[in-house]
Amino acid sequence: MPDNPAAAPLTMENIRRAPKVLLHDHLDGGLRPETVVELADALGYRDLPTTDVAELSRWFRDAADSGSLESYLETFAHTCGVMQTEEALVRVAAECVEDLAADGVVYAEVRYAPELFAERGLALDAVVEAVQAGFAEGERRAAQQGKVIRMGTLLCAMRQHARAQEIAEIAVRYRDSGVAGFDIAGPEAGFPPTRNLDAFEYLRTNNAHFTIHAGEAFGLASIWEAIQHCGAERLGHGVRIVDDIKRDPDGTVHLGRLASYVRDRRIPLEICPSSNVQTGAAPSIAEHPIGLLAGLRFRVTVNTDNRLMSGCTMSSEFAALAEAFGYGWADFQWFTINAMKSAFLDFDQRLEVINNVIKPGYAALI
Ligand SMILES: O=c1[nH]cnc2c1ncn2[C@@H]1O[C@H](CO)[C@@H](O)[C@H]1O
Ligand SMILES: [Zn+2]
């Protein structure tokens, strides 16, 4: 949608000023490279490919640029490797909030799998409490810089492990202490979401929120199971829903039944453009299905997935989409309101952020 000629120019600085909402960001995929190096040193973690900060930052991006989700996920051994103490978790969580706030994010749901931080014996409850303490500290530091950001936590179970029920119970137990919901992550092919039906039934019975990584490395069957068997409220990625959309040579578009269902029920798609290019789920940003899906008015949201592995921020994802698809402020506002409407937060609080933060923020730019 073209902006009014008097609108603020789409510079990186202005995009950073615009209020943004992030629903899909992994805590263990967003460390500052210098923090990885310092924590490795403090914890005696000796397996980093390099301790030079600039080289390490490049290494994560190159190694994640693998064209396959499985190889992409191997890079997390190093971030999880340095996140095995409460101090490390508090630091990483606090820095995550500071970095998001500095980028203009006003509400974020950040996810991680507690079981991956228990290699040196931390109890899962201690992991959750350390991350919550870090998020609270980060919110305080951001406020001191004049930035208001609100955090929600999503707890992930790993698809290849069989601990979904246990993690779902922790998510419910901590829901009044900042845990907003649940997710399953990890390799998709060979690990259908229906392997964890008990956990999803438990969550639904407890009126708890959950999203599922689906339709990233695997196709429609995975999306269909996530929605129709598991009851996912949102889809992590979900980009392969385009496999159920056909375009005639004359340009007429036909939605299959699943694609229609996802669009008509307003099921949010947590789209992560750069990550999708790295794992091979999309050939390039310019050819990313987000253009088609947004044009068809699916409930599209824009996300970072893993800021370290993709070398990205919310602002850089917006800038890349603006370049590829000609998006402007009105589109950014639409993505942001879509995300806020889809947050695992009380309805009145979502409305409050939309009316008092997002709309006035974009009005000042448009
Ligand atoms: O895009 C993704 N698809 C599937 N799994 C992912 C993705 N990004 C990260 N993780 C996995 O989620 C774990 C918890 O944060 C990470 O350790 C990583 O293994
Ligand atoms: Zn993800």
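Ligands are counted one by one from 1 in listed order, and the atoms in each one are counted from 1 as well.
Which parts of ligand 1 touch H237 is read off a 4.0 Å heavy-atom cut-off, strictly below it: atoms 1 (O), 2 (C). Which parts of ligand 1 touch A113 is read off a 4.0 Å heavy-atom cut-off, strictly below it: atoms 14 (C). Of all atoms in ligand 1, listed by their number and element, those nearer than 4.0 Å to a heavy atom of L116 are 17 (O). Close approach of ligand 1 to Y112 (heavy-atom distance below 4.0 Å) involves ligand atoms 15 (O).
Counting only heavy atoms of the protein, atom 3 (N) of ligand 1 lies nearest to E216 OE1, 2.8 Å. Regarding atom 5 (N) of ligand 1, its nearest protein heavy-atom neighbour is G186 N, 2.9 Å. Looking at atom 8 (N) of ligand 1, its nearest protein heavy atom turns out to be N306 ND2, 3.0 Å. Counting only heavy atoms of the protein, atom 7 (C) of ligand 1 lies nearest to H26 NE2, 3.7 Å. For atom 19 (O) of ligand 1, the nearest non-hydrogen atom of the protein is M158 CE, 3.4 Å. Looking at atom 11 (C) of ligand 1, its nearest protein heavy atom turns out to be L73 CD2, 3.7 Å.
We find the CZ-CD distance between R32 and E34 to be 6.5 Å, quoted to the nearest 0.5 Å. In this structure, R204 CZ and H209 NE2 are separated by 14.0 Å, a value rounded to the nearest 0.5 Å. Note that the OH atom of Y45 and the OG1 atom of T51 stand 13.0 Å from one another [nearest 0.5 Å]. With rounding to the nearest 0.5 Å, the separation of CZ in F117 from CG in L122 is 10.0 Å. The OG1 atom of T301 lies 12.0 Å from the CE atom of M340; values are rounded to the nearest 0.5 Å.
Applying the 6.0 Å contact sphere to CD of Q228 captures more than 12 heavy atoms from other residues, nucleotides or ligands. Environment of CZ in R120: crowded, with over 12 heavy atoms of neighbouring residues, nucleotides or ligands closer than 6.0 Å.
Classification of the Y327-F325 ring pair by plane angle, with boundaries at 30° and 60°, yields parallel. Ring planes of H213 and H24: perpendicular class, angle over 60° (limits at 30 and 60°). Using cut-offs of 30° and 60° for the angle between ring planes, the H26 and F76 rings count as perpendicular.
With a heavy-atom cut-off of 4.0 Å, D305 touches ligand 1 through its side chain alone. Within the 4.0 Å heavy-atom criterion, neither part of T79 lies near ligand 1.
Of the polar atoms of D28, at least one N or O is found under 3.5 Å from an N or O of ligand 1, judged by distance alone. Between F76 and ligand 1, not a single N/O pair is under 3.5 Å apart.
Put simply, the angle at the Zn ion (ligand 2) from NE2 in H26 to NE2 in H213 is close to 100°, to the nearest 10°. The Zn ion (ligand 2) forms the vertex of an angle spanning OD1 of D305 and NE2 of H24; to the nearest 10 degrees it equals 80°.
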